[in-house]
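Just so you know, these numbers come straight off a predicted model, no measurement behind them.
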Amino acid sequence: MNYDELKHDIALKIEGLQRRLEDPDLTPSESEMIQNMIDNYQYISELAEMNYYHRGLQ
């Protein structure tokens with residue numbers, strides 16, 4: 001998977017999780033779990049970006 005595909009896939013996953021967070025029926029633990037997943041995907045995205053630019057693949 002190339003960098004652009006990875007960034008796109010991660011963005012889609014984050015968007016889906018953010019929509020799930022809008023559900024008023026979520027328990028606090030479910031909300032926290034979803035927020036942690038969003039944070040993890042954002043971190044993965046940052047690592048992929050750092051790796052991409054570190055290798056000079058712009």
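Shown here are the side-chain hydrogen bond (donor to acceptor under 3.5 Å, both in side chains) partners of N40, two or more places apart in sequence or in another chain: there are none. Every residue two or more places apart in sequence or in another chain that forms a side chain to side chain contact (heavy atoms under 4.5 Å, CB included) with E32 is listed here: N36. Annotation: side chain to side chain contact (heavy atoms under 4.5 Å, CB included) contacts of D25 (sequence neighbours excluded): D23. For E46, there are no side-chain hydrogen bond (donor to acceptor under 3.5 Å, both in side chains) partners two or more places apart in sequence or in a different chain. The side-chain hydrogen bond (donor to acceptor under 3.5 Å, both in side chains) check on K7 picks up S45, E49, with sequence neighbours excluded. By the side-chain hydrogen bond (donor to acceptor under 3.5 Å, both in side chains) test, S29 pairs with T27, sequence neighbours left out.
A 4.5 Å side-chain heavy-atom check between D4 and H8 finds every atom pair outside the cut-off.
In this structure, CD1 in I10 is found 12.0 Å from CD in E5, a value given to the nearest 0.5 Å. In this structure, the separation between CD1 on I44 and CG on L6 is 8.5 Å, given to the nearest 0.5 Å. We find the CE-CZ distance between M33 and R20 to be 6.0 Å, quoted to the nearest 0.5 Å. Atom NZ of residue K13 and atom CD of residue Q18 lie 14.5 Å apart, to the nearest 0.5 angstrom. Atom CD1 of I34 and atom CG of L26 lie 4.5 Å apart (nearest 0.5 Å). Considering CD of Q42 and CD1 of I14, their distance stands at 4.5 Å, rounded to 0.5 Å.
More than 12 heavy atoms of other residues, nucleotides or ligands shown are found within 6.0 angstrom of OH on Y3.
Note on L17: it does not cluster hydrophobically with L12, by side-chain heavy-atom contacts below 4.5 Å among ILVMFWY residues.
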